[in-house]
Amino acid sequence: MPTTTTTMTTTTTTTTPVVTTNTDCTHFTESTCPIDEDTLVGFRHTETAQECQELCRDRSECEFFTWYDAQCYLLNSCEYTQSCPGCVSGPQYPDLDTCDI
């Protein structure tokens, strides 16, 4: 009596979301974005500018941030900047820690 062997193969596909980030650090400056009722979407106290940037990423309406002396301003735009020694302003990405600011 002939024997028949059947082999089954299972394929599993895993997808991982990829976040595309801009690695251009020139968007970070020692300056302040305009902070007024039209641009401000949130305010918190944070220890670092990096923490401020992370808070911005967590809010859908936040595109930019300005951080100064533990004050984190979450902003929906940054049309221009003004010099501000000790301030850090920039977008949600790239990670501020990867830039020399």
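Sequence positions, counted from 1, serve as the residue numbers for this chain. All values reported here derive from a predicted model rather than from experimental measurement.
Classification of Asp95 and Arg57 as a salt-bridged pair holds, one side-chain N sitting under 4.0 Å from a carboxylate O.
With a 4.5 Å cut-off on side-chain heavy atoms, Phe43 and Leu74 do not count as touching. Annotation: side chain of Leu75 is not in contact with side chain of Phe65 (no heavy-atom distance under 4.5 Å).
Using modelled atom types, one side-chain atom of Ser89 and one backbone atom of Ser31 make a donor-acceptor pair closer than 3.5 Å. With hydrogens and angles disregarded, no donor-acceptor distance shorter than 3.5 Å links the side chain of Glu30 to the backbone of Cys87. Remark: side-chain polar atoms of Ser77 are not paired, donor with acceptor, to backbone N or O of Thr39 under 3.5 angstrom.
The two residues Cys52 and Thr66 make their nearest non-hydrogen contact at SG-O, 4.1 Å.
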Requested in this report: Evaluate side chain to side chain contact (heavy atoms under 4.5 Å, CB included) for Gln92 paired with Cys56, printing each intermediate quantity in order.
Outcome: CA-CA 6 Å; Gln92 290 183 346; Cys56 183; 3.7 Å; yes
Requested in this report: Determine, step by step, whether Gln71 and Tyr73 satisfy the side chain to side chain donor-acceptor pair (under 3.5 Å) criterion, reporting the C-alpha distance in whole Å, the side-chain angles of both residues, the deciding distance to 0.1 Å, and the verdict.
Outcome: CA-CA 7 Å; Gln71 300 172 63; Tyr73 299 90; 2.8 Å; yes
Requested in this report: Test side chain to side chain contact (heavy atoms under 4.5 Å, CB included) on Thr32 and Thr81 and set out the steps.
Outcome: CA-CA 5 Å; Thr32 181; Thr81 60; over 6 Å; no
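Within 6.0 Å of OH on Tyr68 lie no more than 12 heavy atoms contributed by other residues, nucleotides or ligands.
Side-chain heavy atoms closer than 4.5 Å link hydrophobic residues (I, L, V, M, F, W, Y) into clusters, and following such links, possibly through other members, connects Phe64 to Ile35.
From Arg44, atom CZ reaches atom CG of Asp58 across 9.5 Å, with rounding to the nearest 0.5 Å.
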